Amino acid sequence: MSTMSQRYLSTRGAEYGLSFEDVVMKGLASDGGLFIPEEVPSLPPSWETEWRDLSFSELAHRIMSLYISPSEIPSEDLKTIIEKSYSTFRHPERTPVASLDPKENLFLLELFHGPTFAFKDVALQALGNFFEYFLVRKNVGKTGKDRHHLTIIGATSGDTGSAAIYGLRGKKDVSVFITFPNGKVSPIQEAQMTSVLDANVHNLTVEGSFDDCQDIVKALFADPDLNSTHNIGAVNSINWARILAQITYYFYSYLAVTKSPNYTKGSQVRMVVPSGNFGDILAGWFAKQMGLPVSKLVVATNENDILDRFFRSGGHYTKKPLDEPTATGVKETHSPAMDILVSSNFERLLWFFAFQTDKASTAEERRQHACESVSSWLNQLKSEGGFQVPTAVIEAAKAEFESERVSNDETIATIRETYKNCFPTDLPSGSPKSSKTGGYILDPHTAVGVAASRRSIQRNPGVAHISLSTAHPAKFASAVDLALSNEDGYSFSEVLPEEFIGLEQRERRVTAVPRGAGWEGVREIVKAEVEQELQGQR
Ligand SMILES: Cc1ncc(COP(=O)(O)O)c(C=O)c1O
Ligand SMILES: N[C@@H](CCOP(=O)(O)O)C(=O)O
């Protein structure tokens, strides 16, 4: 038997009553919507005492069990999947917390201790193992063409791609295609992806931006031809498993911070999240909705600020700023993984706020209305470039969220000021700091979050802030060098993990999608490369 939080529906209403396996394997719903649980589960009443001293994997097991029926994945199997996923992390705590600025109650949640040094590993190590688990089960006793073969298609601005590749390389019955914007990911990120030569890994460069790559992926999901011949799957945060796996570190860090000697007992906790596609902070919202006592979630954007404009404009979600109608798309910033014009996961959040604020008397009617509202908003986004949500929806959103926009200059200044002024004494092993001065070295995405945290602290003195550190600075050498090259004791080579040494010189494999080939061109490449890969196995 499954509970409502273990059953899933599409935000646009065409599919409902799906299992966790269905939504993981499909990725995107057939109506273009995103899968969400029919209900957000509540926490057991004694969760805080019971969960306080659990390991990261044990905590993940408790949380995931609320969303995955044991009739689908027996509890012991789920435990094995989780333990395998996090055994690849370098730090025993998996996502440790450091006291970045104890005087200000500012903590940093380090999410970069996984194989590719970014927060995406937390979800993509698990997703790779979920795929493997379901494929092994589907293929018992099958051979050759009868085997279920999954074709993963993803878009990346740098981090999802490498984390997905590391989560899936060499796995049986799955091919992974990653599209990324040519020249717009950092050299280390590009090398991380293209130096993986396993036969089931395919990198494709696209002329354009991350949004162009994301549009190609969505068009491929909507293509009946490809879907009837290949089983298409997703690794982007459109895949529900990505959001689910990330919920764990919101609980883990809350419990870690409230146990820290640097935490003032009883003070409220805010969490600040550098945001692009809204997948990371959405997991925080699920945690809060389940009952995690976080007083506010703060969305931190770079100059690609559609989310910040939504909150500040009273609920207008629009690709182009109202006062900048001639703006022509995504800006290139020092935090390139967040150079995203449209945040795909926002649809999930809007669905819940539409559902919660609807006045209909039954949950069934409210669900249907929420699907209708979301479908109409997303249609408007496509046809008119934006939409306005009702007052009740923006008010509900503001009760849970605040937002900050951080400029390029502020990003660099924050990396510099942190290096000069923050010398945490409780640093986890593998944290990036100068061995001469002890100054902490932020990556530019994390710096966007820290700058937003500083502003939030000014308005809310005494409130504990957990700022999410989403990547290791070594992935973004140019921004870090720009901020620190003149600073005493700084040397980039010192923060370079041994895993990155020589990476850029390794042999690579990548296919360039011809300019103007569009999603149809990508489809033909996918078909040809899958065929070639399968022939190689026969
Ligand atoms: C390093 C880094 N920080 C922040 C983000 C933004 O996260 P999200 O897209 O889940 O909002 C990304 C990309 O997604 C990233 O790679
Ligand atoms: N920043 C991301 C962009 C893709 O977002 P996703 O979270 O939806 O996979 C990246 O690094 O690729």
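Here the structure is a predicted model, which is why all the values come from computation and not from measurement. Every number for a ligand or one of its atoms is a count from 1 in the order of the listing.
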Looking at ligand 2, would G158 count as a contact under a 4.0 Å heavy-atom criterion? yes
Pull out every atom of ligand 1 sitting under 4.0 Å from any heavy atom of K120, numbered as shown with elements. 13 (C), 14 (O), 16 (O)
Can you pull out the closest protein heavy atom to atom 12 (O) of ligand 2? Residue, atom name and distance to 0.1 Å, please. T156 OG1, 2.6 Å
If you scan protein heavy atoms around atom 8 (O) of ligand 2, the nearest is S237 OG, 2.5 Å
Which ligand 2 atoms are under 4.0 Å away from a heavy-atom of R242? 6 (P), 7 (O), 9 (O)
For atom 12 (C) of ligand 1, what's the nearest protein heavy atom and its distance? F119 CE2, 3.6 Å
In Å, rounded to the nearest 0.5 Å, how long is the span from CZ of F401 to CD1 of I281? 5.0 Å
D159: numbered ligand 1 atoms lying under 4.0 Å from its heavy atoms: 1 (C), 2 (C), 15 (C), 16 (O)
Taking the six-membered ring for Trp and the full ring for Phe, Tyr or His, determine whether the centres of F355 and F352 are under 6.0 Å apart. no
Checking N129 against K171: is there a side-chain donor and acceptor pair closer than 3.5 Å? yes
If hydrogens are left out, which of N277, D211, L124 has an atom nearest to atom 5 (O) of ligand 2, that is, the closest non-hydrogen atom? N277
Is the centre of the F112 ring less than 6.0 Å from the centre of the F119 ring? no
Residue-ligand contact G276/ligand 2, heavy atom below 4.0 Å: no
In terms of heavy-atom contacts, L482 and R416 come closest through O-NH2, 3.6 Å
